[in-house]
2 protein chains.
Amino acid sequence: MANIRDVAKQAGVSVTTVSRVLNDHPYVTEEKRLAVEKAMEELGYYQNINAIHLSKGETRLIGVAVPFINHSYFSTLLNGIADQALVRDYNLVFYQTNYQEQEERKALEALKRKQVDGLLILSRASGWEAVDEYQEFGPIVVCESSNHTRIPCVSVDHYEAFRFGMRYMIQKGHRHIGYCIGRMNGTNSNLREMAYCEELEFIEEPYRKDWVFNNCLTIEDGKRVANEYMSLEERPSALLITSDQVAAGFRMEAEKQGIRVPADVAILGFDNHPIAEALDLTTIELPLHEVGMSLVEKVSSKNPTSAIYPFELVERGSV
Amino acid sequence: MANIRDVAKQAGVSVTTVSRVLNDHPYVTEEKRLAVEKAMEELGYYQNINAIHLSKGETRLIGVAVPFINHSYFSTLLNGIADQALVRDYNLVFYQTNYQEQEERKALEALKRKQVDGLLILSRASGWEAVDEYQEFGPIVVCESSNHTRIPCVSVDHYEAFRFGMRYMIQKGHRHIGYCIGRMNGTNSNLREMAYCEELEFIEEPYRKDWVFNNCLTIEDGKRVANEYMSLEERPSALLITSDQVAAGFRMEAEKQGIRVPADVAILGFDNHPIAEALDLTTIELPLHEVGMSLVEKVSSKNPTSAIYPFELVERGSV
DNA sequence: ATAGGGTATGAAACGCGTTTCATAGCAAGG
DNA sequence: CCTTGCTATGAAACGCGTTTCATACCCTAT
């Protein structure tokens, strides 16, 4: 394939001039510009992007590390990320980590080796130190509501959202409250756990291990929880549930088995996914699309800062 | 940052030897290998990946053009793609096209300019000619069940699946059959339309425009269709519906309004998404995860071939 | 008339790892 | 003793666009 030097020769100019034409530099006479364009046309020339990457030292690529993609939480975030990346003329490279530290490391290495100009970590498996260690190689933003001093985080305030959900249930008269947690977001899960415990303490109720359901990510998990719920000797009267997906599975299965929502058990989902509206689920809306867009904004600046996005209660008929 | 020449100097060897160490070439004595490794350590050396890309002429990156990501059809495909990419040590670059021909073109240009070694097009906005034109620059695989002679396609046989669905309804005694179509997959939609028309002809029923619902992609769309359905003077007794998501929305809304599924209207979804099980939807299962994996397999070979994946009826309680 | 400043252009260096080719030592085969 | 054929190693070329720096012309301001 023809390269820039071939074009220069063909057009009778220097490579510098060809480069100027390619980059719309003003100091090129119309005459030479035309000659260069003609030569490019004749030779079927196009730029080798890797040479550009190498010489410019940037790729206009943003890496995104995500555990898996077919989950509405992440795919909604990704949608926001992709929309904003389009606006800012970035492309995205995708690292599916499956929560493997080693895969996450690959994403970090890609930053170090300049494969990507910046990195977004949607959910973390490795420790803060590991992330911190790579900050010198480029901007990293983590989608987590932590106030880590050295690493920029952009997310919804999961802690406050969960606390708000708890208070909402309490205000509705519930004292026996359980909750579901996904394995997916270590930190976020911890925050929710914290909020849960604190509010329990506030109403002076004990923490009951059998009212905490782990590994809740999908509709099926919700169904599973419904069954576990029914086999409990003593049942909570309210549940905060990881996500609307899980809440939907719970509601469908529970109602199939004759448990009434919200009469027998009140449930509160998170996200405000379309399925929540469809199933008349009260939920806490998380602006994930916006968070996604913000992540890209932050990571494209030299010095990303943290940001917390607000949530909003959407009252429907499940509480 | 230190480069390979610095390392060579520090270790007292040639750059070639350093390169050999980096690439595990056998012709390096243990002694020099250690010297090189020591030098790399001391200088904090790591390879610049863009230089590798440039000199090797490949990037181990596969481009994926997809209209949008937060839709289970695409995110399931992507999940399969990502899983297989991991196995084959490829990374993915993501082109969110929103069905804009111009964005799709960017993905094709990325192939031409060697940003990616191969390209996967999950749904096409531009014509075959446009795609064909870029084949000389690298392997392209389209996720479409077309038997285009010049462009490899890997997908489910949407035509046969839809025909099968029609026959299933017919065999169940239905004569008045409508269907929903998403805007998303031009070709696939056309295939479904074809299958629909042919089967209607077969049972000698007329094509009724008001029994065809367009733009059906999400749960909300399903709800909308349910409302449109109810406002029909004459209603079909069966519907084939774009996807389980849409079918779910339809079922929930219809039942809320007092229409019984399947007594009043039988519905058949596609995909066998978890939501189908949750809502007891009869559906045609499409092996999207496998298709995704296959797409990567195909695109990583020099000469990709086409493949069609089988579907499977999952009988539940909506027909 | 001259200094200053913008316009225009090209040679050469730069970013950096890989690969080809030449060279040389050394052991096995004949 | 000589030819093969490895093993080892390095110089130089290669992939290719960008950027710096030097040069030169021309116009305006002093």
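Any value given below was found using the heavy atoms of this structure, including those in side chains, with hydrogens, waters and symmetry copies removed. Here is the naming used below: chain letters follow the sequence lines, and residue numbers restart at 1 for every chain.
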What is the nucleic acid contact for A:Thr17, judged by heavy atoms within less than 4.0 Å: base, sugar-phosphate only, or nothing?
sugar-phosphate
Main chain of B:Leu61, side chain of B:Asn91: is a donor-acceptor contact present, judged purely on distance under 3.5 Å?
no
Among residues 28-37 of chain A, which contact DNA chain C at a heavy-atom distance under 4.0 Å?
A:Val28, A:Thr29, A:Lys32
Rounded to the nearest 0.5 Å, the CD1 atom of A:Ile81 sits from the CZ atom of A:Phe94 at a distance of 9.0 Å
If the test is side chain to side chain donor-acceptor pair (under 3.5 Å), which one of B:Glu101, B:Arg105, B:Glu104 qualifies with B:Ser126?
B:Glu104
Base, sugar-phosphate, or nothing: which does A:Asn23 touch, judged by heavy atoms less than 4.0 Å apart?
sugar-phosphate
Reckon B:Val13 touches a base, only the sugar-phosphate, or nothing at all at heavy-atom distances under 4.0 Å?
sugar-phosphate
Geometric class of the B:His158/B:Tyr73 ring pair [parallel <30°, tilted 30-60°, perpendicular >60°]
tilted
Please figure out whether A:Thr16 or A:Ile52 has its closest DNA chain C nucleotide nearer the 5' end.
A:Thr16
Applying side-chain hydrogen bond (donor to acceptor under 3.5 Å, both in side chains), run through B:Ser14 and B:Thr17 and close with a yes or a no.
CA-CA 5 Å; B:Ser14 69; B:Thr17 298; 3.3 Å; yes
Take A:Ile4 and A:Arg20, find for each the nucleotide of DNA chain D with the closest heavy atom, and name the residue whose nucleotide sits nearer the 5' end.
A:Ile4
Could you tell me the boundaries of the chain A footprint on DNA chain D, defined by atoms under 4.0 Å from its heavy atoms?
D:dC16 to D:dT20
Partners of A:Asp6 by side-chain hydrogen bond (donor to acceptor under 3.5 Å, both in side chains), sequence neighbours excluded?
none
